[in-house]
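Counting convention: from 1, in listed order, for ligands and their atoms alike. In what follows, residues are counted from 1 in the order of the sequence shown.
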Amino acid sequence: MTEIQYDTLYIDGAWAQPQGDDLIAVRSPLSEQHIGSVPRGTEADIDAAVSAARRAFDDPEGWSTWSPARRGEVLDAFATELEKRGDETARRVTIQNGMPTTVAHGIEAVFPAILVRYYADLMRGGVADEVRPGMTGGSTRVVHDPTGVVAAIVPWNVPQGITFLKLAPALAAGCTVVLKPAEETVFDAFSVAEAAIAAGLPPGVLNIVPAGREVGAYLVAHPGVDKVSFTGSTAAGRSIAETCGRLLRPVTLELGGKSAAIVLDDADLSEHSEAFFSATLLNNGQICWLNTRILVPESNYTAVVDSVTDMVKSLKIGNPLDASTHIGPLVSARQRDRVEGYIAKGRADGFEVTAGGGRPSDLDTGWFVEPTVFVGVDNSATIAQEEIFGPILTVTPYRDEDDAIAIANDSVYGLGGSVWTSDPARGEEIACRIRTGTVGINAYSNDPWAPFGGVKASGLGRELGPEGLRSFQNVKSIYRGA
Ligand code: NAD
C-alpha cells in the first residue's frame, strides 16, 4: 500500500509550514506496519491557527457577518467536495482505526455532508430571530449571535462523524474553528482540508492542527478561543471542564458511556439481530453510546443468553476493508492491551465466558480481540461499571421491570440505552425512566435531527438537531422602548 504523507498543515486557508519538525506516524491496526505520517502540530501552530480563526471571525465583513444564505452557498460546495472524497475518506478511517468498511461508508463518508447541508438549511430557514412583547410596552428582539472562535477536539473512534457534529453547526452559525484531530486518525482530517480548499472556504474559517493531548490542552486554554467542543474520555473531559470553569469559557462535552440494553420478557431478539448487533458491538465495540450491558429477565434468561451468544459467535472477524467483516482490529496495541486487561479481570472475578474471550486463532497480525460475552455478571463488577471500549458484552439478570431500570440507572454514565420488546409502547414507558441522554426501542442509532448527548459522567450539552446549533450561538436580547 502506498504510504500517505503530508508535510504541511491547513491554516488560514492554505497549506502552511509546520513550526516544529516532529511527525505523527500512523500504523495500520491490521498489518501493524507504518502507513504514513503528517506533521505533529505544536503550540506555535495552535497560535497561528487561533490567530487566523480570530482574524476571520472578527473581520467586520467576514464569515461571521455573512447572511446564512451566503454562508450556505459555501457550505453546500463544501458538502459536495466532502462527498467527492467520501470513498477515500472512509478508506483512510478504516486503515487507521480498523472501522469496518460498511460502517465507515455510512458514518464517515456520507454523514458529514448530510450534516453540513442540514445545518446550512437550518440557518437559511428555520431559526429566525424572535420578537417578544415587553411587559411594560415596547418589545425585545432575541437574536442568536455566533459564539466566536471554536476549539473542536475529537477522538479517533469515529473521527469524521464526530468532527462534523461540531464543524457543521459551528460553521453554519458563523463561528470559525480550530480543529484538533486525535493522533491515531489524521489522514481523514487532511481530506477535510482538501475539501475546504476546493470549496473556497474563506481563509481562517477552518484550521486543522493534528497533535497530542498537551497541545490539545494548550488549545483549550488559549486566550483567543471563545468556545470549546470536546468529544473523548471522561477523564480528559473533566480536565477540560476545569480549565473552562476557571476561564468561564462555554464548553460542550461528549464523554464516555456504559449503556444498558434492557431485553423485556416479550422480546424476540432474532427479529432484531442486525439492530441488536449494531446497538451493542458496532465499530468493534469502540463507540461511546454502545449498549454493552445487556439486562435479561430471569424468567427468560437461558434463551436470551443463548441467542446473544449465537449472534456473537456468528460474527465475521477480519480485514476491515472487506465488506463482509463485522469485527475489525482495535485501533492500537495499547487499546488491545486495555481490553484484554478487562477480559482478564472479568475471568478473575469468576464470570463465565460464553463466546470469545481471546484473540482469534486464525489471525497472526492485527490488534484483534474476539467479540466476547460474559454472563451472570453482577452490575457492581468492574466489567459492568467501567467503559471498556472494545467488543465485550456483559449479561446481567433482573427480576422485574423496576429491577431492570434500577440496574440500568446504576452507572456513573448516562449516554445511550435501549429497550427490546414486542410492545413498543411498553418500551417507551421504560425508556422514560432511564436516566440517560438517548434511548432506542428495538434499535439504536443517532438521528441527525435529534439531540444527542449525555447526563452524569457522559457529558454536558447536546449535539445534532437544532440544539446542536444553539451550542454555537450566544443569545442576545435587544430591548426597544415603547
Ligand atoms: P481521549 O480523551 O484520550 O482523547 C480524545 C481527544 O482529546 C484526542 O484528540 C486527544 O488528543 C485529546 N485530549 C486528550 N486529553 C486532552 C486534554 N486534557 N486537553 C485537550 N485535549 C485532550 O479519548 P480517546 O481514548 O481518544 O477516545 C475514546 C473515548 O472517547 C472514550 O471514552 C469514548 O467513550 C469517548 N467518546 C465519546 C463520544 C460521545 O459522543 N460521548 C464519542 C466518541 C468517543
Side-chain angles (χ1 to χ4, degrees), residues 24 40-41 43 46 93 96-97 99 103 107-108 111 151-166 178-186 188-189 208-222 225 228-244 246-247 249 251-259 282-292 330-332 334-339 342 386-390 411-417 436-438 444-446 451-464 468 471:
I24 295 175
R40 176 180 292 282
E43 291 182 359
I46 293 288
V93 171
Q96 292 171 109
N97 74 359
M99 178 184 286
V103 182
I107 313 183
E108 304 289 85
F111 194 53
I153 300 180
V154 297
W156 46 263
N157 63 326
V158 185
Q160 283 300 298
I162 292 172
T163 289
F164 279 89
L165 296 186
K166 303 176 190 318
V178 177
L179 169 69
K180 194 207 79 61
E183 288 174 87
E184 294 83 350
T185 42
V186 287
D188 52 296
I208 304 179
V209 183
R213 54 190 55 199
E214 289 78 16
V215 173
Y218 181 77
L219 171 60
V220 167
H222 200 289
V225 166
V228 175
S229 182
F230 172 77
T231 298
S233 62
T234 295
R238 276 188 212 287
S239 154
I240 289 168
E242 280 171 20
T243 303
C244 290
R246 180 165 48 78
L247 297 171
R249 182 165 291 172
V251 60
T252 301
L253 301 169
E254 297 288 357
L255 309 176
K258 190 78 183 175
S259 303
L282 200 70
N283 196 25
N284 318 326
Q286 299 174 139
I287 300 189
C288 50
W289 48 253
L290 284 173
N291 300 193
T292 51
L330 299 184
V331 68
S332 62
R334 189 170 66 97
Q335 185 72 4
R336 181 179 61 180
D337 291 347
R338 185 184 135 84
V339 172
Y342 279 107
E386 295 187 7
E387 183 182 52
I388 297 176
F389 227 55
S411 171
V412 296
Y413 296 111
L415 186 56
T436 188
T438 55
Y444 182 98
S445 76
N446 302 133
F452 168 74
V455 298
K456 302 192 275 182
S458 291
L460 293 175
R462 291 293 178 268
E463 296 186 313
L464 294 177
S471 81

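- What sits closest to atom 36 (N) of ligand 1 on the protein, heavy atoms only, is Cys288 CB, 3.6 Å.
- In this structure, the separation between OH on Tyr413 and CG on Leu255 is 8.5 Å, given to the nearest 0.5 Å.
- Heavy-atom contacts of Ile162 reach the following atoms of ligand 1: 42 (C), 43 (C) (cutoff under 4.0 Å).
- Ranking protein heavy atoms by distance to atom 37 (C) of ligand 1, first place goes to Leu255 O, 3.0 Å.
- When only modelled atom types and interatomic distance are considered, Lys258 and Ser411 share no side-chain donor-acceptor pair under 3.5 Å.
- Side-chain contact of Glu386 with Tyr342: a donor-acceptor pair under 3.5 Å is present, judged by distance alone.
- Numbered from 1 in the order shown, with element, the atoms of ligand 1 that lie under 4.0 Å from a heavy atom of Leu415 read 41 (N).
- For ligand 1, the atoms closer than 4.0 angstrom to any heavy atom of Ala182 are 8 (C), 9 (O).
- Within the 4.0 Å heavy-atom criterion, neither part of Leu219 lies near ligand 1.
- At the top of the distance list for atom 28 (C) of ligand 1, counting protein heavy atoms only, stands Phe389 CE2, 3.6 Å.
- Interface atoms of ligand 1 facing Asn157, defined by a heavy-atom separation under 4.0 Å, are 43 (C), 44 (C).
- In this structure, CD in Gln335 is found 10.5 Å from CG in Asn97, a value given to the nearest 0.5 Å.
- In this structure, Asn283 contributes its side chain and Val103 its backbone to no donor-acceptor pair below 3.5 Å.
- Within the listing of ligand 1, atoms 18 (N) sit less than 4.0 angstrom from a heavy atom of Ser239.
- Between atom 3 (O) of ligand 1 and the options Glu463, Arg213, Glu183, the minimum heavy-atom separation is to Arg213.
- A salt bridge links Arg40 and Glu183; the closest N-O separation between the charged side-chain nitrogens and carboxylate oxygens is under 4.0 Å.
- For atom 6 (C) of ligand 1, the closest non-hydrogen atom on the protein side is Val154 O, 3.5 Å.
- Between Phe111 and Leu165, some side-chain heavy-atom pair lies under the 4.5 Å cut-off.
- Side-chain contact check for Thr252 and Lys166: no donor-acceptor pair (N or O, by modelled atom type) lies under 3.5 Å.
- Less than 4.0 angstrom separates some heavy atom of Ile153 from each of these atoms of ligand 1: 6 (C), 7 (O), 9 (O), 12 (C), 20 (C), 21 (N).
- Contact of the Thr231 side chain with the Glu463 side chain is registered, since non-hydrogen atoms from C-beta on lie closer than 4.5 Å.
- For Val158, the heavy-atom gap to ligand 1 stays at 4.0 angstrom or more.
- Ligand 1 places these atoms under 4.0 Å from at least one heavy atom of Gly216: 19 (N), 20 (C), 21 (N).
- Distance from atom 23 (O) of ligand 1 to its nearest protein heavy atom, with residue and atom name: Ser233 N, 3.4 Å.
- No side-chain heavy atom of Gln160 sits under 4.5 Å from any side-chain heavy atom of Met99.
- By the 3.5 Å distance cut-off applied to N or O atoms, Glu387 is counted among the residues near ligand 1.
- Remark: the backbone N or O of Leu415 is paired with a side-chain donor or acceptor of Thr438 at under 3.5 angstrom.
- Considering only non-hydrogen protein atoms, atom 10 (C) of ligand 1 sits nearest to Lys180 NZ, 3.9 Å.
- Of all protein heavy atoms, the one lying nearest to atom 35 (C) of ligand 1 is Gly232 O, 3.1 Å.
- Considering Phe230, Phe452, Trp156 only, the shortest heavy-atom separation from atom 7 (O) of ligand 1 involves Phe230.
- Close approach to Ala236 involves these atoms of ligand 1, each under 4.0 Å from a residue heavy atom: 2 (O), 14 (C), 15 (N), 16 (C).
- The nearest protein atom to atom 27 (O) of ligand 1, hydrogens excluded, is given as Pro155 CB, 3.5 Å; this is a heavy-atom distance.
- Counting heavy atoms from C-beta on, the side chains of Glu387 and Thr292 never come closer than 4.5 Å.
- The heavy atom nearest to atom 40 (O) of ligand 1, out of those in Glu254, Glu242, Gln286, is found in Glu254.
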